[in-house]
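Single-structure report; data block below.
Heads up: numbering here begins at 1 and tracks the sequence. Just follow the structure's listing: the first ligand is 1, and inside any ligand the first atom is 1. Nothing here was measured: the structure is a model prediction, and the numbers come from that model.
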Amino acid sequence: MEKIMMTTPIVEMDGDEMTRILWQFIKDELIIPYIDLKSEYYDLGLVNRDMTDDQVTVDAAVATKKYGVAVKCATITPNASRMQEYNLHKMYRSPNGTIRAILDGTVFRAPILVRGFEPHVDCWEKPITLARHAFGDVYRDVEYSVPGPGKAELVFTGEDGREIRQTIMDFKGPGVIEGMYNTDASIESFARSCFRYALSVKQDLWFSTKDTISKVYDGRFRDIFDRLYETEYKDAFESRGISYFYTLIDDAVARVMRSKGGFVWALKNYDGDVMSDMMASSFGSLAMMTSILVSPEGVYEYEAAHGTVQRHYYKYLKGERTSTNSVATIMAWTGALRKRGEMDGIDALVTYADNMDKAVISTIESGVMTGDLAAICKLENVTVLDSLDFIRAVRDTYEEIAGV
Ligand code: NAP
Ligand code: MG
């Protein structure tokens with residue numbers, strides 16, 4: 001059998017703990033046998049991040065900008081107990097945060113739908129992909145308690161000394177106060193990433209804010225989306241037969257609950273935080289959720305939404321059997337390889353990714369799965385496999401589907 005050739009490398013970011021183990025299984029069993037893999041490898045495992053003073057994370061992000069497509073394994077975000085466990089020099093920032101800041105990207109989270117795991121909202125036939133604007137608003141607020149009566153004002157002093165001053169509240173007694181902001185540059189990047197992503201998956205884009213109440217603040221988000229759509233993306237949307245649709249957040253929530261799914265829903269930071277937890281729990285499992293970072297220029301980084309599955313890793317280290325779900329990590333790989341194939345015009349790579357995704361789904365639908373899925377599955381005759389055997393079962397199904 002001839003391997004599929006690649007022309008441009010993808011950026012490969014290795015990670016930590018159980019997902020690092022899965023990473024190697026996936027490469028050995030599902031990728032290297034079929035693809036002449038070209039990847040530029042960056043080890044984002046915590047040991048190497050510490051050895052390189054986190055430079056490796058920055059280098060990986062810069063390489064992603066250069067090549068346009070990356071796949072990332074889950075990584076540990078250090079906290080106090082990790083400082084001890086790994087004897088770290090510093091409490092490094094979250095790699096995802098570092099990469100997102102360098103790429104100026106937006107994260108799109110989409111559930112992986114499989115028969116036998118119906119979403120709690122039973123009209124959702126297709127996945128709903130959520131895009132959260134992860135910058136500013138209450139996440140970068142300034143807030144404090146107001147001790148007693150007095151006047152609260154909002155003051156902006158321009159570089160030219162010009163002042164804008166407005167009374168927020170004449171307090172008669174104690175209370176609280178909060179100031180927050182966003183920037184046109186960040187909102188524009190967010191909007192561009194959303195338009196690009198919707199075009200790349202050929203799905204409608206919904207956007208919602210509360211601009212009836214917050215006429216200037218939320219109104220600015222709406223205006224920027226509207227302007228960019230009209231001036232830069234409308235023709236491309238129309239030629240692909242998809243649409244951009246703005247509606248109030250309350251109306252959007254009501255419509256989403258009655259929809260069949262199959263669209264991208266863009267949300268402000270707080271709305272996205274809340275709605276993504278709702279979406280993940282309705283679709284069943286964090287282990288069945290992919291996460292794609294898209295930059296405004298159209299650079300793509302694929303990963304699983306879950307973490308490094310620490311508890312399973314400690315079992316694995318003790319030589320115990322683990323049944324860790326590799327589906328989202330496999331689909332991070334196929335997502336990256338499909339995108340590479342599309343960008344470079346390599347049809348065989350796109351077909352490979354499509355067939356591998358089908359193999360994953362059809363393996364599970366045949367009743368063969370990992371323990372986390374068996375626990376929430378409505379199918380009869382379920383077989384639970386360990387981490388590696390599940391990946392091997394996917395490989396067998398792939399070979400049947402692809403006829404290799
Ligand atoms: P987690 O790794 O997502 O795991 C939480 C629990 O969810 C697991 O203990 C397991 O439950 C279940 N689970 C998650 N993924 C699973 C899978 N693929 N297969 C089977 N079960 C799965 O979250 P965490 O334990 O809070 O975080 C562990 C480390 O991951 C932390 O150091 C954190 O910083 C990091 N993290 C990284 C990313 C990222 O890189 N994108 C995201 C989140 C967290 P049971 O134990 O009950 O089986
Ligand atoms: Mg949340």
Side-chain angles (χ1 to χ4, degrees), residues 12-23 25-26 42-50 54 56-57 60-61 64 70-86 88 91-101 103 105 107-112 114 117 132 134 273 276-277 280-281 283-293 301-318 320-333 335-336 360 364 369-377 384-391 394:
E12 175 186 348
M13 305 182 201
D14 208 342
D16 287 301
E17 299 194 312
M18 200 59 211
T19 41
R20 187 181 180 97
I21 307 297
L22 296 179
W23 196 257
F25 285 169
I26 292 168
Y42 293 86
D43 183 359
L44 266 59
L46 189 48
V47 173
N48 194 47
R49 271 183 280 149
D50 193 38
D54 211 21
V56 66
T57 308
T64 303
V71 58
K72 179 181 168 291
C73 181
T75 46
I76 293 169
T77 298
N79 57 16
S81 73
R82 299 297 199 168
M83 294 283 291
Q84 274 198 335
E85 184 183 352
Y86 284 83
L88 299 177
M91 189 160 341
Y92 302 97
R93 289 183 52 191
S94 141
N96 289 27
T98 302
I99 296 165
R100 195 168 61 209
L103 297 183
V107 172
F108 295 80
R109 279 189 161 197
I112 300 157
V114 182
F117 305 83
R132 169 181 173 190
D273 185 351
S276 60
D277 283 335
S281 59
F283 280 111
S285 162
L286 195 60
M288 295 293 278
M289 183 80 67
T290 59
S291 177
I292 305 161
L293 178 73
E301 184 226 276
Y302 293 80
E303 68 167 332
H306 61 77
T308 60
V309 213
Q310 180 181 21
R311 201 182 63 84
H312 294 213
Y313 181 59
Y314 292 156
K315 276 177 72 177
Y316 171 86
L317 288 181
K318 280 192 261 169
E320 289 174 35
R321 228 171 136 250
T322 69
S323 182
T324 316
N325 188 335
S326 51
V327 169
T329 306
I330 296 171
M331 292 207 178
W333 272 99
V360 170
I364 301 171
M369 60 192 75
T370 46
D372 58 312
L373 292 182
I376 55 169
C377 175
V384 175
L385 296 184
D386 69 22
S387 307
L388 181 55
D389 284 346
F390 175 77
I391 291 170
V394 170

Any idea which part of [X] is under 4.0 Å from ligand 1, heavy-atom wise: side chain, backbone, both or neither?
X	value
His306	both
Met18	neither
Asp372	side chain
Asn79	neither

Report yes if some N/O of [X] lies less than 3.5 Å from some N/O of ligand 1; otherwise report no.
X	value
Ser323	no
Gln310	no
Glu17	no
Arg82	yes

Under a 4.5 Å cut-off applied to non-hydrogen side-chain atoms, are [X] and [Y] in contact?
X	Y	answer
His306	Thr19	yes
Arg20	Asp14	yes
Val360	Ile112	no
Met13	Trp23	no
Leu385	Ser323	no
Glu303	Ile99	no

| field | Residue pair Phe117, Met369: steps toward the side-chain contact (heavy atoms from CB on, under 4.5 Å) verdict | value | CA-CA 12 Å; Phe117 305 83; Met369 60 192 75; 3.8 Å; yes
Protein non-hydrogen atom below 4.0 angstrom of [atom] present:
atom	value
atom 35 (C) of ligand 1	yes
atom 27 (O) of ligand 1	no
atom 43 (C) of ligand 1	yes
atom 7 (O) of ligand 1	no
atom 12 (C) of ligand 1	no
atom 46 (O) of ligand 1	yes

Out of [options], whose heavy atom sits nearest [atom]?
atom	options	value
atom 37 (C) of ligand 1	Leu286, Thr308, Thr75, Val327	Thr75
atom 20 (C) of ligand 1	Leu46, Thr370, Asn325	Asn325
atom 48 (O) of ligand 1	Met13, His312, Met289	His312

Between the main-chain N or O of [Y] and the side-chain N or O of [X], is there a donor-acceptor pair closer than 3.5 Å?
X	Y	answer
Ser94	Asn96	yes
Asn48	Asp43	yes
Arg109	Ser291	no
Asp386	Arg321	no
Thr290	Ala328	no
Ser387	Thr324	yes

| Ion pair check, Arg82 and Asp50, cut-off under 4.0 Å | no
Enumerate the atoms of ligand 1 whose separation from the nearest heavy atom of [X] is less than 4.0 angstrom.
X	value
Ala74	40 (O)
Lys72	40 (O)
Ala287	16 (C), 17 (C), 18 (N)

Considering non-hydrogen atoms of the protein only, which is the closest contact for [atom], and what is the distance?
atom	answer
atom 1 (P) of ligand 1	Gly307 N, 3.6 Å
atom 33 (C) of ligand 1	Thr77 N, 4.1 Å
atom 9 (O) of ligand 1	Arg311 CB, 4.2 Å

